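Report on the following structure.
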Amino acid sequence: MLVDQAKIFLVGGKGGDGCLSFHREKYVPRGGPDGGDGGRGGHIFLRTDANLHTLTDFAYRKRYQAPSGGHGEGGNRHGHQGEDIILTIPVGTEVIDAKTGEVLADLSREGMELLAVRGGKGGRGNARFKSATNRAPRQRELGEPGEERWLVLELKLLADVGLLGFPNAGKSTLISRISEARPKVAPYAFTTLEPALGVWDLPGGATVVADIPGIVAGAHRGKGLGLRFLKHLERTGTLLYLIDFRASPEQTSPWDQFTALRSEVVAYGKGLAEKPYLIVATKMDLPTASANWRSCTEAFHEKGFHPIPVSALTGMGIEELARAVDALLPRAERKLNVCVG
Ligand SMILES: Nc1nc2c(ncn2[C@@H]2O[C@H](COP(=O)(O)OP(=O)(O)OP(=O)(O)O)[C@@H](O)[C@H]2O)c(=O)[nH]1
Ligand SMILES: [Mg+2]
């Protein structure tokens with residue numbers, strides 16, 4: 001199961017206390033104050049690692065605390081600094097402050113780092129409070145507590161092409177045809193319950209394709225699996241709307257399917273509706289689909305759309321689709337290098 005969301009609690013290390021101490025030595029009366037400072041507590045960093053693809057680690061462990069700084073000691077010895085902790089997360093993780101909802105960082109590239117919580121400052125020892133008027137200060141500071149924070153981690157897959165469609169439209173079959181990905185394919189709705197990635201070998205370069213669960217009309221109101229999975233398409237360069245052309249005119253027509261899908265995408269927002277897209281007519285090997293082709297494409301043509309007919313089963317039309325997708329995607333921007341190991 002793809003864990004693409006997690007809520008974690010981070011606590012920075014406590015700062016070490018400053019020390020109260022006076023120098024003592026034979027024949028040295030009234031040695032001065034020599035209490036050292038406490039060390040700072042450890043910070044916690046989040047850092048992306050291209051070898052990680054899920055947030056599974058955070059499903060089991062939610063609380064992370066960095067070590068405290070050492071206390072100061074006599075003889076002006078400062079406490080050691082608490083060790084910093086680095087938590088590795090997959091590339092493409094958004095970090096959100098759970099309390100305010102503020103997006104703190106979008107760690108979309110390998111090696112990016114966020115200082116998530118700071119360790120507390122160490123307290124000053126009494127040596128630091130010495131002055132002309134106070135040669136034997138008994139003042140010292142305690143270390144500060146580390147920062148605390150609830151964070152939400154949201155993994156958004158990085159893909160060049162996203163497959164969109166109603167359940168059963170043939171999304172998983174298509175990704176199986178064009179890549180090594182083998183998601184489950186079955187003749188019922190909601191076969192796919194979690195997103196999958198595949199690599200499509202296009203003339204313009206290896207291209208990452210994302211298959212997500214089907215969405216239904218009303219998904220933005222929480223119907224079906226809702227729009228939760230659309231987040232994975234937020235970073236794709238282009239979208240393919242897969243439309244089952246078998247639909248008889250009494251059933252939802254291909255054009256109505258497309259407009260319903262489109263309005264879900266518009267309702268979702270986040271720039272998805274503005275992405276370039278192609279309309280793909282699926283299952284064209286079936287006689288019902290080819291029989292519908294003429295009558296059903298009319299509505300599309302009137303609006304200036306040109307669905308691309310394909311059959312993921314026979315491979316018909318896949319090459320034309322490949323060329324069309326390739327033309328929409330700039331070569332330099334394919335995500336493969338950061339995405340699939
Ligand atoms: N004849 C034919 N059948 C297809 C084609 N593509 C998909 N199918 C069939 O349509 C059904 C649904 O295919 P899936 O690929 O599972 O559809 P999906 O869009 O991934 O469905 P969900 O995961 O439920 O959203 C399966 O029975 C497939 O065998 C095609 O090109 N030709
Ligand atoms: Mg599927």
Side-chain angles (χ1 to χ4, degrees), residues 1-2 4 157 159 161-200 208-233 236 238-248 251-265 267-268 272 277-293 296-297 300 307-325:
M1 167 104 187
L2 174 79
D4 56 9
L157 296 180
V161 178
L163 304 184
L164 258 177
F166 286 126
N168 245 347
K171 299 176 294 297
S172 300
T173 310
L174 180 65
I175 203 175
S176 315
R177 177 87 203 178
I178 60 181
S179 75
E180 299 289 313
R182 289 290 173 270
K184 188 171 162 191
V185 168
Y188 49 78
F190 300 116
T191 307
T192 302
L193 294 173
E194 55 196 70
L197 295 178
V199 180
W200 194 1
V208 181
V209 182
D211 173 28
I212 63 166
I215 58 176
V216 300
H220 69 278
R221 282 181 265 114
K223 279 212 172 169
L225 297 177
L227 297 178
R228 181 171 121 63
F229 294 101
L230 282 185
K231 71 172 181 180
H232 292 297
L233 304 188
T236 55
T238 190
L239 300 175
L240 301 186
Y241 286 79
L242 269 61
I243 309 290
D244 189 338
F245 260 61
R246 274 179 319 173
S248 61
Q251 294 170 328
T252 314
S253 73
W255 174 254
D256 289 345
Q257 279 185 58
F258 170 68
T259 50
L261 266 178
R262 190 66 196 153
S263 54
E264 291 304 323
V265 171
Y268 179 77
L272 236 57
Y277 61 90
L278 296 171
I279 301 168
V280 181
T282 62
K283 311 189 188 180
M284 289 306 294
D285 58 285
L286 295 172
T288 39
S290 46
N292 281 343
W293 177 250
C296 289
T297 42
F300 287 91
I308 301 172
V310 305
S311 164
L313 213 63
T314 65
M316 172 218 136
I318 299 293
E319 252 179 67
E320 288 80 350
L321 178 62
R323 273 198 296 276
V325 170

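Because the structure is a prediction, the values reported are computed rather than measured. Counting starts at 1 for both ligands and their atoms, following the listed order. One is the number of the first residue; the rest follow in order along the sequence.
Put simply, the side chain of F166 does not reach to within 4.5 Å of the side chain of T252, judged on heavy atoms. Here the side chains of I175 and P183 are in contact, with some heavy-atom distance below 4.5 Å.
Between the side chain of D285 and the main chain of T314, no donor-acceptor pair closer than 3.5 Å is present. Side-chain atoms of R177 come within 3.5 Å of backbone N or O of L313 as a donor-acceptor pair. In this structure, T282 contributes its side chain and A169 its backbone to a donor-acceptor pair below 3.5 Å. Between the side chain of H220 and the main chain of A267, no donor-acceptor pair closer than 3.5 Å is present.
Put simply, CG on D4 and CZ on R228 are 4.5 Å apart, with the number rounded to the nearest 0.5 Å. Between atom CG of residue L321 and atom CE of residue M316 there is a gap of 11.0 Å, rounded to the nearest 0.5 Å. Atom CG of L164 sits about 9.0 Å away from atom CD1 of I243, to the nearest 0.5 Å. The distance from the CG atom of L233 to the CG atom of L163 is 8.0 Å, given to the nearest 0.5 Å. To the nearest 0.5 Å, atoms CD1 (I212) and CG (L227) are separated by 9.0 Å. Distance check: D244 CG to N292 CG gives 9.5 Å after rounding to the nearest 0.5 Å.
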Run D211 and S172 through side chain to side chain donor-acceptor pair (under 3.5 Å) and show every step you take.
CA-CA 6 Å; D211 173 28; S172 300; 2.6 Å; yes
Does the pair V161 and V325 meet the rule for a side-chain contact (heavy atoms from CB on, under 4.5 Å), with working shown?
-> CA-CA 8 Å; V161 178; V325 170; 3.7 Å; yes
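Ligand 1 places these atoms under 4.0 Å from at least one heavy atom of T192: 20 (O), 22 (P), 23 (O), 24 (O). Close approach to S311 involves these atoms of ligand 1, each under 4.0 Å from a residue heavy atom: 31 (O). If you number the atoms of ligand 1 from 1 as listed, the ones under 4.0 Å from a heavy atom of Y188 come out as 24 (O). Less than 4.0 angstrom separates some heavy atom of G214 from each of these atoms of ligand 1: 25 (O). Every atom of ligand 1 with a heavy atom of L286 under 4.0 Å away is listed here by number and element: 1 (N). Residue A189 has at least one heavy-atom neighbour below 4.0 Å for each of these atoms of ligand 1: 24 (O).
Ligand 1 has an N or O atom lying under 3.5 Å from an N or O atom of G170, backbone or side chain. At least one N or O atom of F190, backbone or side chain, sits closer than 3.5 Å to an N or O atom of ligand 1. Residue L313 has at least one nitrogen or oxygen atom sitting less than 3.5 Å from a nitrogen or oxygen atom of ligand 1, judged on distance alone. Checked by distance only, ligand 1 and M284 stay at 3.5 Å or farther apart across all their nitrogen or oxygen atoms. Between A169 and ligand 1, at least one pair of N/O atoms sits closer than 3.5 Å.
Counting protein heavy atoms only, atom 5 (C) of ligand 1 is closest to K283 CG, 3.6 Å. The closest protein non-hydrogen atom to atom 16 (O) of ligand 1 is A186 N, 3.3 Å. From the protein, the heavy atom lying nearest to atom 31 (O) of ligand 1 is A312 N, 2.9 Å. Of all protein heavy atoms, the one closest to atom 2 (C) of ligand 1 is D285 OD1, 3.5 Å. Scanning the protein for heavy atoms near atom 15 (O) of ligand 1, the closest one is T173 OG1, 2.5 Å.
Using a 4.0 Å cut-off between heavy atoms, S176 makes no contact with ligand 1 at all.
Under the 4.0 angstrom criterion for non-hydrogen atoms, G165 is not in contact with ligand 1.
Among R177, K184, K171, the residue whose heavy atom lies nearest to atom 18 (P) of ligand 1 is K171. Proximity annotation for atom 28 (C) of ligand 1: of N168, V185, L163, V185 comes nearest, heavy atoms only.
By the 30° and 60° cut-offs, the orientation of the rings of F258 relative to Y241 is perpendicular.
For a distance threshold of 2.8 Å, the protein N, O or S atoms nearer than that to the Mg ion (ligand 2), listed by chain and number, are S172 OG, T192 OG1.
Taking all atoms of both residues into account, the shortest heavy-atom contact from A289 to M284 is O-CE, 3.8 Å.
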